Structure formats: structure tokens, C-alpha cells
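Sequence lines set the chain letters: A, B, ... in the order given, protein chains first and strands last, and positions in each chain run from 1. Not measured: the values here are computed from a predicted model.
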Amino acid sequence: MNWKRWGIVIVLLSLFWLWQQWPDGKLRVVFCDVGQGDSTLVILGSFQALIDTGPSEEKLFNCLGREMPFWDREINLVFISHPQADHKGALKGLQSRYKVDKVIEKADDNDMYRYGDLSFDILHGGESGEKVLGKSSSDENEDAMVIYLNYQQFSVLFTSDIGEKTELALMDTGVLRKTSVLKVPHHGSKYSSSFPFLEKLRPTVSVISVGAKNSYGHPNGDTLMRLEQVGTNIFRTDKAGDVSVVYGAGSLKVFTER
Amino acid sequence: MRKRWFFLILVLLFKFSLGWLESSTYDQNSRIRLTGNIDKIYQNNTECIIVVGRFWVDFRNQCKFSRMDRVQIVGKVDGGVIDRFLGRLWLNSAVISVLPVDLNSNSKTGVIVLTLERMRENVVDVYRRFLPGLESGLVAGIVLGYKNDIGQEFYDQMIKSGTIHIAVASGYNIMLVGGTVLSVCFWFWKRKWASIVAVIAMLFYALEAGGEPPVMRAVIMAGAVFLAAIVGRKAIGWWILVVTGWLMVLVEPLFLVNVSFQLSMGASVGLMVVEPTINRWLSKSHEKLVEILEGTGLLTSFSTMLMTAPIIWWHFGRMSWIALLSNILILPLVPILMITGAGMQILPQVFYWPTYAVAHWMVRVIGFFGM
């Protein structure tokens, strides 16, 4: 066996592989396919933030393994939009496997978290990171944290599980504007994504984070129709797997796992 | 030789009659409440079977229990003819609750098992902290036979690609542990003591690996080979395999229906009987071909596949024709992964790079063939 030749091949392959995994300086927003739940990974250089963890550790770790460089075991920021299992279920497991610098389960309206040009503006702070006994599920949904991600000319609105009531309240505050990407509220429920709300945002891309053959009937047909009416490009994690939106040099590209 | 076979069968029959007598003390359909520690857990694709004493309970979902959990089960006694011969009773419509564990009141065996379990978790934790999800699950499976971290989706891909057998601690691992310890011990002691220490090390590893049938089979076989070397007798591979299988079935008749046991025995027959036979047969006319087949590992893969594919088909309902190709791309790397995986326990910062590289390649191959 020619060890020298094999050594050179292995070194070259390793270098190519490292180059392939090295962060490219573009902003990547990955809507992970975590089944019936939400989890979105935001990557800019060596910075990583996660918005919700989804219900399944297995699916979340698979997504992080695919998207993050293998040597990077640190997540700088984790937002938990509200305490239901489909958004927070894998948090404990995440903390045992990754170094999580900061977990934000409760924020005040108008709080802002910045990383260079990248900012996370809290439009709706959520009421509490803990599950409140006696509080109905729909109340918890309406209280969920809403985050506006801004980077240069690019923006993503993370709407967690909010319903029409919170959507209209947000419109009244006048903070909403045309948005590059919308994380469709509440997995495409018919009680969310009201037409005025969608018309105000007019998102170029809309992503529905939803589990295949879920028992809730998400996404609802009426919601899909409303999204089509505003002319947005719809991507569903149950059909496309992980949906990655990449923004760099003023252009936006979407990649899907399947 | 005929007398030996007769003796082995006679002892098995005796064991089965004991099982029948034991299980006959319970009436069919009688309702019982049972408290005890979970002795064994069998996790298949869609079912979880737990064993408490002679009682077996089948849950049609993922396991939410751990071995040695103290549980209370209420259910109806059931058991077919074969089950009764095997001395096992199934509890139907069972309701199970996990009781809090009081370490102080546990038996010595319980404490030892719990300690081993914790050590195992600590070992697996290193992989979890340094490697991404799929890769860490695979490495824990190959190095320690730990399957809990292999997700359902990836597990299915492994079955489809015919590579599920690599996530089992077995002969490879035992050879590595035994061989390394033996080589080190030769520096200090003579053959006898070095062999004894190596057997103890292999036994410890087997217990750490969860005491699954394949690893226990490998320990018994390796122990027999070492023993033969100590007493100066010739070790006949296939006969050691037969006696090991017989011994295991004698201790636990249910191994006969255990997939891991069947796969392990099948693979061993493939390696120890089928491969040499094909080799001899082909060598007569195609010497060059044999060289190529041996060099690429194709003969080994084919021989083991010939014996394991029917078992996989029987249990999982599919026979993977691409297994030969996927195994050629993966099997040569298994020993490397075991070495770097073991290295991660000492110097994780150094060894996780090569471990990830190899594991990632395997994940990609399994993903490609298991699509």
C-alpha cells in the first residue's frame, strides 16, 4: 500500500470537506422539519440562534447536525416563544448536548437583541416562560413571543402560534411592514394568518412548519388560499423537509431538503 | 460426536420441561398484580417488550422505561404452548407504573447494574457532547451497542440498507478489547495471567455494552479460545460456536427467538463455516478470483449476508439486495471507528475529528442506500 499517496488523498479530501462546512458569511435561516412543531435555526458566520426547539430531540439534533459545522457545539441564543411542548419540548435535551449561552423565554415588547447587523426585535414579548395552570391553550398561543429578524434589506417575521387577535393588535401598533419571509402562524391554522395581516406583510416566502398527517388538519385549506391570494411562495416542512432561506449580496434563495 | 449431540438436546428438553412446570402454576386469564425490577427491555421498531421475572409485557409503542426501573404491573395472564415451554407468561391489557427507586434498599446486583448503567451513560455522553445527533448515535451503537440514540428514521434506513448489524457490540469489539488487553498484559505477565485479565476485561466490556446476546456470545467464544490456549488444547472454531450457542440457550431459552442472537450466530456461521467453504471450493479453479474477493472483503460480506439476510427478511419483512454494496463501503471502516471512538473516551478533543469523518461517511452511505 502506498501510504504517502493515500495520505495526500486523505489530507486533500479533509481540506475540501472543511472548506465545504466553513461558514460562508451569508445569513441562513433554516426552518427545521421537526414534525408538528416549530424550530428555526439562524446562522450568520459563527453566530447561531434558535427560535423554538420543536417537540422532538431526534429531529432537532438531525437538523442541527446537518446545518451547523460539526466542530461548532455552541448556540448563542435560544428563544422560546411559548411554553407548549411543540415549541419547547426539546430544550432540555438541547442544553445537555450543546453549549447554550442564553435562553430567552420571556421578553418585553420592543426589546432588541443584536449581533452585528443582525437584530432580533421583540414585537410581542409573551407573558411567561412557564406553563400557567388554568390558562387555556388558545390564550397561551395569543401570548406567544413574536420576533422580527432584520438583516440589511432582509427580514423574517416569526409568529409562533398567535391567532387573529394578536395579529390585528400588532397591525394597530404600526410596526409591521413588507417582509421577506413569514413563518406562518400556528402551523397554518385557520384561526391565524388573517387576510389584512398577510396583505400588510406581503411576504416573498412563507414557510409553514407542520407535521405530516397531523391530527389537527394543519395547514388549513382557507389559510393556504389566503396565502396564495397575496402571491407568496409557500413552503411546507412536511413536504419539503428542512427549508433553508439564504440571504447574501442582496439576493434571497430558498433550498429544500426534499 | 452423536453422543454429544444427544446430550445437548437432552439437557435442552429438561430445561423446557422445567419452564412448563413453572408457568403452569398460573391460570390462564387470571388477573395479577406484580411488583419488581425490569430485567430486560427489547425495543423493536414499533413495540417495546419488558421482562419482569418470568412475566413479559408487550407495549405497542416506544419504550419509556429503563432497565432496572422498579415497576408495578397489573394485567391478565396469558401464554401459548411454546411460551409455556419456555417458562414465560405474557400479561395482557397491562397497566404499568414506575415506582421511585430507593438505592439503599436495592440488592447488590441492582446497585451493580445501576452503576454499570451510569458508566455506560457517561461513555455515551462524550459522544453526545462532541458529535452531531446521527453520528453520535451511530458511534455509540458501534462502540457500545447502545441503540437508544439511534432515531427511528435512521434505524429504518439502516434496516433498508442492510447495515443494522453494525450497531451491535459483537465479535469485532470483543476481539479489539481482548486483543489490546492481552498485548498489554504480555508485557507484565505470562500467558495464563494475561489471558485471565483479558477475559475479565472482555466480560466487563460485555456488561458495559448491556450484556446483549451477540456480545455475550463473543465473550464466551473468545474465553473458550483463551482457555484452550492456556491448557494447550486445539480450539475448533465451529464446535466452540455450537457449544456457545447451546450454553446460551440453556441459560436463556428465549434467545432462540431473539433477533440479535440469531443474527450473531448467523454471522458467525457465515464467517467460520461458509466463508472457508466457498474459499476452498473456489480456490480449486479460480485462485485469482479468490484473491480479489478476499482483498476487497467481498467474500466476507457475501458469506455473512448469506446467513443473515434470511433472518432479516424473517423479522423485518425485507431482504436488502444492496446490502452487499453498502457493507463493502462501510465494513472496512468499522474497526477504525471503534478505535477512534475508544480514543474519544481518553482524548475527545483530538479523536472527535477522525471519528466524525468516518461516522459521517457511514451516515451518508446509509442515508443513500436506505432512502
Side-chain angles (χ1 to χ4, degrees), chain A residues 1 3 6-7 9-22 30 32-35 39 41 43 48 50 53-75 89-90 92-100 211-212 237-238 241-242 257-258, chain B residues 43 45 61-64 121-122 124-141 146-158 295-297 329 332-333 336 340 344 348-364 366-368 370-371:
Chain A
M1 187 186 256
W3 289 103
W6 276 108
V9 171
I10 288 169
V11 168
L12 285 176
L13 278 175
S14 307
L15 287 175
F16 170 74
W17 185 42
L18 271 179
W19 169 78
Q20 205 195 14
Q21 294 225 354
W22 205 262
V30 183
C32 294
D33 174 20
V34 288
S39 184
L41 178 67
I43 305 175
Q48 279 111 11
L50 194 65
T53 65
S56 154
E57 288 180 11
E58 179 195 335
K59 284 177 180 273
L60 175 68
F61 296 151
N62 288 352
C63 177
L64 297 181
R66 277 191 296 267
E67 302 299 335
M68 287 170 65
F70 74 89
W71 60 85
D72 194 343
R73 308 293 293 168
E74 184 175 357
I75 295 175
K92 250 189 179 172
L94 178 79
Q95 286 172 311
S96 69
R97 285 201 181 209
Y98 287 81
K99 182 174 178 283
V100 177
T237 56
D238 60 337
D242 296 347
E257 190 190 350
R258 294 193 278 267
Chain B
Q43 172 76 69
N45 267 356
N61 48 27
Q62 289 278 319
C63 280
K64 290 192 174 70
E121 282 294 324
N122 289 339
V124 175
D125 254 353
V126 174
Y127 303 133
R128 287 179 186 146
R129 278 188 283 115
F130 282 87
L131 299 169
L134 288 176
E135 286 78 6
S136 75
L138 184 67
V139 175
Y146 186 90
K147 289 198 213 62
N148 292 7
D149 282 5
I150 299 175
Q152 192 67 59
E153 207 176 310
F154 190 57
Y155 189 80
D156 287 342
Q157 287 179 351
M158 292 183 85
T296 52
L329 292 170
L333 296 171
I336 299 172
T340 58
M344 271 188 75
Q349 289 85 351
V350 175
F351 281 97
Y352 88 91
W353 284 70
T355 306
Y356 175 77
V358 177
H360 186 64
W361 165 258
M362 289 182 171
V363 166
R364 296 298 283 263
I366 292 166
F368 178 76
M371 265 190 306

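When atom types are taken as modelled, the side chain of B/Arg128 and the backbone of A/Ser96 share no donor-acceptor pair closer than 3.5 angstrom.
Only the side chain of B/Asp149 comes within less than 4.5 Å of a heavy atom in chain A; its backbone stays farther off. Of the two parts of A/Leu18, only the side chain, counted from C-beta on, holds a non-hydrogen atom closer than 4.5 Å to a non-hydrogen atom of chain B. Only the side chain of A/Arg73 comes within contact range of chain B, with heavy atoms under 4.5 Å apart. With a 4.5 Å cut-off on non-hydrogen atoms, B/Glu153 touches chain A through its backbone and its side chain both. Of the two parts of B/Leu131, only the backbone, made up of N, CA, C and O, holds a non-hydrogen atom closer than 4.5 Å to a non-hydrogen atom of chain A. At a 4.5 Å heavy-atom cutoff, A/Lys99 makes no contact with chain B through either its backbone or its side chain. With a 4.5 Å cut-off on non-hydrogen atoms, A/Glu67 does not touch chain B at all.
A centroid separation of 6.0 Å or more is found between the aromatic rings of B/Tyr352 and A/Trp71.
Listed here is the closest heavy atom pair of A/Gly65 and B/Pro132: CA-CB, 3.6 Å. In terms of heavy atoms, A/Arg97 sits closest to B/Ser136 at NH1-OG, 3.1 Å.
Comparing A/Trp17, A/Phe70, A/Phe61 by how many heavy-atom pairs each has under 4.5 Å with chain B, the most go to A/Phe70.
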